[in-house]
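The structure under discussion is supplied below as structure tokens; questions concerning it will follow.
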Amino acid sequence: MTNTAEKQSISEKLISTLELEKNGLDANESRRALQKEALESFLKQGLPHRKNEEYKYSPVSNLFKSDLVAATAQSGPGLKKSDIAELRIPGLDSHLITVVNGFVSEELSDYNPAGKSVQIFHTLGTVKNTPVLFDKHFGQFASPASDPFIALNTLAFKDAVFIQIPENAVVEKPIVILNITNATQACLASPRCLIHVGKNASVQIIELYVALSQNDQVVSNSVSEIILEQGAKALFYKIQDNCPKLNLFTTTQASQESDSHFDTHTVTLSGSWIRNNLNIVLNGEHCETHLNGLFLLNENQHVDNHTLVDHSKPNCESNQLYKGILDDKSSGVFNGKIFVRRDAQKTNAYQSSKNMLLSDDASINAKPQLEIYADDVKCSHGSSTGQIDEEALFYLRARGISPEGAKSLLMLAFTQDVVNTIRIDALRKHAEGLIEKRLSK
Amino acid sequence: MLSIKNLRAGIEDKEILKGFNLEVKAGEVHAIMGPNGSGKSTLASVLAGREDYAVTEGKVVFNKKDLFELSPEDRAREGLFLAFQYPVEIPGVSNINFLKTAIAEIRKYQGLPPMEAKDFLKLVKEKQALVELQVTLANRSVNEGFSGGEKKRNEIFQMAVLEPCLAILDETDSGLDIDALSIVANGVNKLRSANRSFIVITHYQRLLEYIVPDFVHVMYDGKIVKSGPKELALELEAKGYDWIKKELGATIEA
């Protein structure tokens, strides 16, 4: 009884501190209606409490202790173009969408809104000119009723990014969404984006999460929806580096039509408390989806990766590989769900979670969940948690390599199979550099 | 080069080396033969610095330094090389990268300037040819997917690149057929020099036809019980280890 009362008051309190009407409700009627529904859904669900299975190892109450106001573009100091230039990926020529505390900054971005192979649009201030596809798909797969944080983002977002790739278009340059949080006060930022990849089109998207302030009471709750039409191909990279004090929720909701291909990498090297929800629905036959994750944690970091692959049609293949190295008092969670529906015959679904614990206080909770209702399928899951291979360590030392050098080599080797599959060369090189630097500390 | 005096060492409560003595001078090749359980591999492990073994007595001087004062990596940097009996596979660490790192650390320790990348590649190519290690194997991860023979050849390749002054070959011939044995032995022979010593630990005399030793020692029950020139190996082959046991039996039971 007390729990229910408690959880309602934390979420009700949050709604009141967010002062949704203060910064103006959405000017667009249908978005406003969606936000009203999301508000009702959020209040009904409330923030998850300890007994909620999905958040069991990642209790959220501490994050919402302070009074969180709604973040605005001015919640932190103004940024200059030179600040942004430093945050870009070296050697990578890309389109750039800069989002500050959940608001797109056109001056700090570098994209052509009406390009031939890609159109980029953001909703703030618009009333009626929202592209048709946006209205059609917005919130279609990221349903507020399915998760309180989707509900929370949907009710609180102020500026949504829409990226549209027309049929058959091949976007040559990757699109970087630079999600900066630089708020200096306790607040909640709600970045939101929708990516629609038309039939047979192809795109590469990189979401960079950066936090520039020292305030540890800032929460960013982002939702990205990606729709892949028939034959579409998307490479999607989520890089969480250089965001030391950030408390972050990210939900990536992808839906794939037949013959589409989706490759995603989530690399977490920084952050204070991070929960990544990655949900993929395979809506058509002959889809392929690869989910890769790497997290290197130390000090008191906590990272929770929840994945869900829903095989609802036959002849699809999914592959999950998540690896973590945890040191000091850090904690990690991996929960990988695979649903294979009754008609999803000839499904191939694989999942592997491998972790290395470097200290007595580091911990990982890894839980595979497979629900298989079809009978002609190939599914497997594996999880292993261990320490550095002592035999290998001695071998390297016996050749003159110091114990620290040997450990770094071995940890680097451990990360190889996740990093090697990053297909954008400049990004892979950059990630390798960040990882090497992190592991030789 | 190496002086081992009255070495006693064991694992947990079991003493395996029971007063081992050996003197090795520069340029010499010493073979150590013995039956299973005589302590041959323990000797190699203790000299390389494996921490599971405890040294209870004795002194080992290598290159004028007290070996037991040195960590495993410092022993390697001083010029000690152990060719493992069962080389471990290390997926994700490339052969080349690993050797590059090892050379860099060894040179730093020895006060030498770092090796240029192009000189390193030249060195690697040269040594690959020397030990007949295929180029493709050199680019792979350390020992990953290598056959037994390839692993042993990889040990000799590393030895060629690192140029140690004392190389200990721990049953390098185990698991090898005649062809593989001949290639490995060829590699070792090409590395013989006045400045380099070898301790060849083996169970069978066969290897010693290819790598001809200056001295043969027979090890039994944790120490050397008989030493002689290379002919001793042939005598051992003909008479078997029982002959040694019988010879000793007279002394032990007395």
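A note on names: the letters A, B, ... follow the listed sequences, proteins ahead of strands, and every chain is numbered from 1. Computation of the quantities below employed the complete heavy-atom set of this structure, encompassing side-chain atoms and omitting hydrogens, waters and symmetry-equivalent molecules. Not measured: the values here are computed from a predicted model.
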With under 30° as parallel and over 60° as perpendicular, where do the rings of B:Phe84 and A:Tyr395 fit, or are they tilted in between?
->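 Rings of B:Phe84 and A:Tyr395: tilted, as their planes differ by 30° to 60°.
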
Going by an N to O cut-off under 4.0 Å, is there a salt bridge joining A:Arg399 and B:Glu155?
->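 Salt bridge flag = yes for B:Glu155 with A:Arg399.
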
Which atoms of B:Pro87 approach chain A - backbone, side chain, both or neither, heavy atom under 4.5 Å =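 B:Pro87 touches chain A through backbone and side-chain heavy atoms alike.
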
Supply the atom-to-atom distance A:Leu297 CG to A:Ser331 OG, rounded to the nearest 0.5 angstrom.
->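 Reported to 0.5 Å precision, the distance equals 7.5 Å.
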
Against chain A, work out which of B:Asp74, B:Thr101, B:Val88 has the most heavy-atom pairs shorter than 4.5 Å and name it.
->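 Winner by heavy-atom pair count: B:Val88.
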
Name the member of B:Glu51, B:Arg75, B:Arg77 that forms the most heavy-atom pairs with chain A at distances under 4.5 Å.
->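 Most heavy-atom pairs within the cutoff with chain A belong to B:Arg77.
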
If you tally heavy-atom pairs under 4.5 Å against chain A, which of B:Leu82, B:Leu99, B:Ile103, B:Leu162 wins?
->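 Most heavy-atom pairs under 4.5 Å with chain A: B:Leu82.
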
Can you name the side chain to side chain donor-acceptor pair (under 3.5 Å) partners of A:Ser402, sequence neighbours left out?
->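 If we apply the side chain to side chain donor-acceptor pair (under 3.5 Å) test to A:Ser402, skipping adjacent residues, there are no hits.
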
Per-residue contact mode, B:Gln158 against chain A (heavy atom under 4.5 angstrom) |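 Contact with chain A involves the side chain of B:Gln158 alone.
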
Does A:Lys323 count as lying over the ring of A:Phe414, i.e. NZ or CZ under 6.0 Å from the six-ring centre, within 45 degrees of the axis?
->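 Yes - A:Lys323 lies over the ring of A:Phe414, closer than 6.0 Å to its centre and within 45° of its axis.
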
Greatest number of heavy atom pairs closer than 4.5 Å to chain B - which of A:Gly405, A:Pro403, A:Ala406 =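 The residue among A:Gly405, A:Pro403, A:Ala406 with the greatest pair count is A:Pro403.
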
